[in-house]
2 protein chains.
Amino acid sequence: MSLVTDADKPTLYKLIRADIEKRILTGEWPPGHRIPFEHELVARYGCSRMTVNKALSELAQADLIERRRRAGSFVRRPQHQSAVLKIADIRAEITALGRTYGYELIQRKLRTATSADRDRLGVSKAGKVVAIACRHSADNVPFAVEDRLIDLSSVPDAATADFSREPPGSWLLHHVPWTEAEHTISAIVADERAAEALDIAVGAPCLVIDRYTWRSARTITAVRLLYPGDSHRLVARFKGG
Amino acid sequence: MSLVTDADKPTLYKLIRADIEKRILTGEWPPGHRIPFEHELVARYGCSRMTVNKALSELAQADLIERRRRAGSFVRRPQHQSAVLKIADIRAEITALGRTYGYELIQRKLRTATSADRDRLGVSKAGKVVAIACRHSADNVPFAVEDRLIDLSSVPDAATADFSREPPGSWLLHHVPWTEAEHTISAIVADERAAEALDIAVGAPCLVIDRYTWRSARTITAVRLLYPGDSHRLVARFKGG
DNA sequence: CACGATTATATGTCTAGACATATAAGTCAA
DNA sequence: TTGACTTATATGTCTAGACATATAATCGTG
């Protein structure tokens, strides 16, 4: 679903879809505008209804239009500022930049969840957790520090995983299938501990990503990533509004 | 496209789609797994090929599977950490929190683009721009300061718009149709000017969003939003990896 | 064995119908 | 005017076919 025109063979339904998409994107058909009925498009393009239906269904799936029975199809108002933020796996991110990835486990503890742990994971009953602190570096320069909690009742294998060689993020990526997550991004200034871990000055700005991951209502992990704020940037590209 | 099961009437193609989706999400069919051929699904569900085709096409459009001619359909590997970041219009964001929105224009200048302006907008030839500084507040507490540049060769109407009453973000949202944008998120510490504008201490952490907006290759606006880092949070929800 | 030609096959697109169903709009009575 | 009922209609889903086309697999040949 990109805005640039796909360079594939223009079949009829794709032509119809592209025609409509263009009118929406240029503003010719503003939000709320009723686009022609299926039977009108059938007449205009001289094809069967299933063909225009496929074009319209795809536009609906892409949230560009809204379809209402008996009423017709309407241009949706753009979802203001809904951006796609690509937060790559840190190792992948660093190697993609052509830099050498380094990883260092600072601490690993297996313990019964404290009340603070339970709060952080959003679970009510006590269970075992693994707490991990580690550091990622690029060309031997600290890149980010990670502070993670894994719920062992959801991911029992994590108890025996060797996190001294493999970053827990990568390990989880390969051992836990599809998940949902919530990111919270904020800014703080480095305290003494963070400053030392990132090799920056106390009081320097840091970008913080708190990620909370679950899978079908089961908590998996909560992680806080701390980046030097001046050297790291999150880029999000989007369309709409 | 949500992960939670839609509570709409389970038609046959939706059932097929949900069945497959569940197997992918639970990891029963891992990335790379070849899902049954259309003719096999036709036999299993006792329906026509168009019905299973519709289910598979939607899964393909949602990037859950990849379809290859002659080879079959395959579970795609999750796109690591691709998050949807909803950055609401500031006014909408504040009023949604049940707080009173306040807006104050600090400065508006119409000028021929300086070389710094051209750099920031990513345009090569000189033209007129509007430079705006303004402040958003919630319950009379500073919420964010905005520093914006609008390219008048793309949005001539902005020259005469009254930005003393309407925030430029809202104005643009209603006067410029679909756009593309790129956000860059970083952290800085407040300098004296920022500290005064946000009523925070010099050296306090700030979250910075730089947004660069264009429409079909034409630059529209570049804006920098500065939030107090401890009180503001960006939340992104996502699925995958 | 390497490489080019052939073939088999799964998906891609499309048709001309059908019936289902939600709902906007019109109708009529209180 | 309002509320309840009816009707018309646009979309939603589905079928049983058809031909197109990209390409994996096979087969032959040098």
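Just so you know, these numbers come straight off a predicted model, no measurement behind them.
Taking a cutoff of 4.0 Å between a charged side-chain nitrogen and a carboxylate oxygen, A:E38 and A:R67 qualify as a salt bridge.
Inspection of the B:Y101 and B:D139 side chains reveals no N or O donor paired with an N or O acceptor under 3.5 Å. Using a 3.5 Å distance cut-off with no hydrogens or angles, the side chains of B:Y227 and A:S186 do not pair a donor with an acceptor.
At whole-Å resolution of the value, CG in B:L41 and C1' in D:dT15 are 17 Å apart. In this structure, CZ of A:R67 is placed 15 Å from C1' of C:dT23, rounded to the nearest angstrom. Per the geometry, CD belonging to A:Q61 stands 15 Å off C1' belonging to D:dG12, to the nearest Å. Rounded to an integer number of Å, the gap from CD of A:E40 to P of D:dA10 is 8 Å. In this structure, B:L59 places its CG atom 13 Å from P of C:dT11, rounding to the nearest Å. The NE2 atom of B:H39 sits 17 Å away from the P atom of D:dT15 (whole-angstrom rounding). In this structure, B:N53 places its CG atom 14 Å from P of D:dT13, rounding to the nearest Å. Rounded to an integer number of Å, the gap from B:L56 CG to C:dA10 P is 14 Å.
Residues B:D151 and B:T221 are not in side-chain contact: their nearest non-hydrogen atoms beyond the backbone lie 4.5 Å or more apart.
Below the 3.5 angstrom threshold, one finds no donor paired with an acceptor across the side chain of B:R70 and the base of C:dT11. Donor-acceptor pairing under 3.5 Å, judged by distance alone, is present between the side chain of A:R49 and the base of D:dG12.
Atom CG of A:D162 has more than 12 heavy atoms from other residues, nucleotides or ligands within 6.0 Å.
Distance from the side chain of A:E38 is smallest to D:dG12 among D:dT13, D:dG12, C:dG12. Of the candidate nucleotides C:dT13, D:dT23, D:dT13, D:dT13 has the atom nearest to the side chain of B:Y13. Of the candidates D:dA20, D:dT11, D:dC14, the closest approach to any side-chain atom of A:M50 belongs to D:dC14. Comparing D:dT13, C:dT15, C:dT21 by their nearest atom to the side chain of A:R69 picks out C:dT21.
Side-chain N/O atoms of A:R68 include none lying less than 4.0 angstrom from OP1 or OP2 on C:dA22. Close to D:dT15, at under 4.0 Å from its OP1 or OP2, lies a side-chain N or O of B:T51. OP1 or OP2 of D:dT13 lies within a sub-4.0 Å distance of a side-chain N or O belonging to B:K14. Remark: B:S73 is in phosphate contact with C:dT11, judged by side-chain N or O atoms under 4.0 Å from OP1 or OP2. Between D:dG17 and B:S48, no contact under 4.0 Å exists linking OP1 or OP2 to a side-chain N or O. Side-chain N/O atoms of B:K54 include none lying less than 4.0 angstrom from OP1 or OP2 on D:dC14.
Taking for each of B:I35 and A:G46 the nucleotide of DNA chain C with the nearest heavy atom, the 5'-most of the two is the partner of B:I35.
B:W171 and B:F163 have perpendicular rings, their planes meeting at more than 60° on a 0 to 90° scale where under 30° would count as parallel.
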